[in-house]
Amino acid sequence: MQYAQLGRTGLRVSKLGFGCSPLGNEFGERDPLEAERAVHYAVDHGINYFDVAPYYGRTLAETRLGAALAGRRERVVLATKCGRYDVASFDFSAARIRLSLEESLRRLRTDYLDVFLAHDIEFVDAQQIIDEAVPTLRALQREGKARAIGITGLQLNAMRRVAEAVPVDVILSYCRYNPLIDDMDALLTPFARSHGIGLINASPLHMGMLTEQGPPAWHPAPVDVKQAARAIVELCRERGASASDVALQFCLRHPYVATTLAGMATVDQARQNIQASEAQADAALLEEIHALAAPAYNRSWRSGRAENQDYAQN
Ligand code: NAD
């Protein structure tokens with residue numbers, strides 16, 4: 001496993017990170033014992049970055065991760081989030097963030113976080129994130145409750161504008177850098193790099209799309225993106241390769257991203273993703289994949305408030 005510095009946080013993170021939304025059954029029911037074994041396998045094979053949120057399974061993922069990490073807490077860089085509690089339930093007030101932290105610490109069976117992030121900030125007024133949420137996260141950091149703080153979301157310009165107005169240590173972007181899309185590099189990476197902000201790239205499989213199983217029913221991508229993804233999966237199968245391996249390898253080559261978060265909930269997935277992370281992508285296959293992705297390339301979707309959209313047509 002390779003490791004990288006997460007911006008200027010002083011945290012050294014595995015380049016492949018463990019995404020815990022599947023632990024909350026966000027991609028279908030998962031066996032809790034198998035999920036626990038997957039966490040143990042990942043820790044024992046060098047993954048140290050774990051990303052979770054109260055939103056995943058409406059606290060279920062945090063509860064499962066806390067149990068799985070019992071006795072292993074000191075070996076991992078533990079990140080959770082605040083502010084999003086259901087599909088349409090957001091609260092970034094100072095009081096709720098403080099309460100959220102205490103609730104998460106209890107579920108995660110620890111007394112501090114490594115990374116604490118405001119979750120999906122494009123759903124609320126950016127001014128509240130700037131004036132209230134980030135200052136509260138900073139206060140909690142000063143109180144020793146979190147080592148680093150930051151923001152997450154789909155809309156890159158909205159995150160950049162917030163980070164211009166109020167410094168953050170970490171930004172987590174998802175579904176904006178993988179074989180179907182790379183506009184993170186135009187809209188966010190240069191800013192993050194020039195400010196020494198730790199950059200996290202989530203959903204290298206485009207939230208399950210670049211897998212044999214395909215996207216979950218709730219996946220919000222446009223239909224032509226789903227068709228391109230299906231064609232990529234079929235091409236990889238014909239070539240005797242796995243689309244998820246190639247997608248992961250493509251993401252792991254990124255020169256500035258500190259950790260790429262793949263959602264996992266089984267030992268087989270953890271083993272496969274770790275093995276993939278230790279090999280190089282097949283360059284010729286990647287060329288073919290780019291050609292298949294081209295008609296639907298860089299197509300994102302609407303998420304959050306109208307004023308926070310990256311693209312007017314979304
Ligand atoms: P992903 O692209 O990592 O895809 C996850 C899906 O792929 C799951 O169904 C998983 O079971 C499956 N999968 C994983 N490895 C596989 C393999 N080797 N073979 C076959 N299938 C495999 O999407 P994601 O889970 O949404 O993103 C990763 C993590 O990033 C999340 O779990 C979460 O922790 C984080 N994230 C954060 C935000 C945010 O903060 N707003 C948004 C998205 C994701």
Side-chain angles (χ1 to χ4, degrees), residues 6-7 9 11 19-21 23-24 26 49-67 69 73 76-155 157-174 197-198 200 202 261 303-308:
L6 181 60
T9 63
L11 296 168
C20 294
S21 65
L23 263 54
E26 295 290 345
Y49 196 88
F50 285 78
D51 175 88
V52 69
Y55 176 53
Y56 301 152
R58 318 304 173 262
T59 74
L60 179 63
E62 281 192 338
T63 300
R64 285 182 173 170
L65 181 63
L69 288 178
R73 166 69 184 97
V76 305
V77 176
L78 184 55
T80 194
K81 315 193 187 87
C82 60
R84 180 166 205 178
Y85 302 100
D86 211 329
V87 175
S89 170
F90 296 87
D91 186 345
F92 289 95
S93 66
R96 186 67 187 96
I97 289 174
R98 284 185 168 275
L99 178 63
S100 196
L101 177 105
E102 295 305 327
E103 291 170 349
S104 290
L105 291 179
R106 260 197 306 280
R107 288 189 289 264
L108 291 166
R109 306 187 190 186
T110 183
D111 56 3
Y112 72 98
L113 298 172
D114 294 294
V115 181
F116 196 31
L117 304 168
H119 195 175
D120 290 345
I121 61 164
E122 69 263 17
F123 282 88
V124 300
D125 182 354
Q127 212 54 49
Q128 192 192 13
I129 302 297
I130 293 165
D131 294 340
E132 190 169 4
V134 173
T136 303
L137 296 176
R138 277 284 176 231
L140 289 165
Q141 183 185 32
R142 280 193 299 274
E143 292 163 29
K145 300 278 190 180
R147 288 185 174 167
I149 62 104
I151 54 179
T152 85
L154 182 73
Q155 306 296 345
N157 287 311
M159 290 199 285
R160 198 199 66 242
R161 285 194 297 268
V162 163
E164 278 167 354
V166 57
V168 298
D169 309 322
V170 175
I171 299 180
L172 183 160
S173 155
Y174 74 98
I197 295 170
I200 296 175
L261 304 180
S303 168
R305 287 189 164 204
E307 75 268 19
N308 290 331

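One-based numbering along the sequence shown.
- Looking at Leu261 and Tyr174, their side chains never come closer than 4.5 Å, going by heavy atoms from C-beta outward.
- Between the CG atom in Leu137 and the SG atom in Cys82 there is a gap of 5.0 Å [rounded to 0.5 Å].
- Although no hydrogens or angles enter the test, the distance criterion places a donor-acceptor pair under 3.5 Å between the side chain of Arg84 and the main chain of Val87.
- Taking CG of Leu23 as the start and CG of Leu65 as the end, the distance is 6.5 Å to the nearest 0.5 Å.
- Across all their heavy atoms, Ala165 and Ile130 have their closest contact at CB-CD1, 3.6 Å.
- Looking only at side-chain heavy atoms (C-beta outward), Glu132 and Ser93 come within less than 4.5 Å of each other.
- Formation of a donor-acceptor pair under 3.5 Å by the Gln155 side chain with backbone atoms of Gly304 is not found in this model.
- Between Arg98 and Glu143, at least one side-chain nitrogen of the basic residue sits less than 4.0 Å from a carboxylate oxygen of the acidic one, meeting the salt-bridge criterion.
- Pairing each heavy atom of Tyr55 with each of Asp86, the nearest pair is CE1-C, 3.3 Å.
- Taken to the nearest 0.5 Å, the CE atom of Met159 stands 11.5 Å off from the CD1 atom of Ile129.
- A donor-acceptor pair shorter than 3.5 Å can be found between the side chains of Arg160 and Asn157.
- Using a 4.0 Å cut-off between charged side-chain N and carboxylate O, Arg138 and Asp169 make a salt bridge.
- A pairwise comparison of heavy atoms in Cys20 and Ala61 identifies O-CB, 3.5 Å as the closest pair.
- Using a 4.5 Å heavy-atom threshold, the side chains of Leu78 and Leu108 count as touching.
- Between Phe92 and Thr136 there is no side-chain heavy-atom pair separated by less than 4.5 Å.
- Ring planes of Phe123 and Phe90: parallel class, angle under 30° (limits at 30 and 60°).
- The shortest heavy-atom contact between Val162 and Ile121 is CG2-CD1, 3.9 Å.
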Which side-chain N or O atoms in residues 144-154 pair as donor and acceptor under 3.5 Å with protein atoms at least two apart or in another chain?
residue, atom, partner, partner atom, Å
Lys145, NZ, Glu102, OE2, 3.2
Arg147, NH1, Asp114, OD1, 3.2
Thr152, OG1, Asp120, N, 2.9

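- Interatomic distance, CG of Asp131 versus CG of Asp125, reported as 8.5 Å (0.5 Å rounding).
- Under the 3.5 Å distance criterion, the side-chain polar atoms of Thr9 are matched with a main-chain donor or acceptor of Leu6.
- Distance CG/Leu117 to OG1/Thr80: 8.0 Å, rounded to 0.5 Å.
- From Arg107, atom CZ reaches atom CD of Glu62 across 4.5 Å, with rounding to the nearest 0.5 Å.
- At least one cation-pi condition fails for Arg64 and Tyr56: the charged atom is not both under 6.0 angstrom from the six-membered ring centre and inside a 45 degree cone around its axis.
- With 3.5 Å as the limit, one finds a donor-acceptor pair spanning the side chains of Ser100 and Tyr85.
- Leu101 has its side chain out of reach of Ile97: every pair of non-hydrogen atoms, C-beta onward, lies at least 4.5 Å apart.
- A pairwise comparison of heavy atoms in Val168 and Ala163 identifies CG2-CB, 3.9 Å as the closest pair.
- Of all the heavy atoms in Lys81 and Pro54, the pair that sits closest is O-CD, 3.0 Å.
- Remark: Glu26 pairs with Arg58 by the salt bridge (Lys or Arg N to Asp or Glu O under 4.0 Å) rule, at least two apart or across chains.
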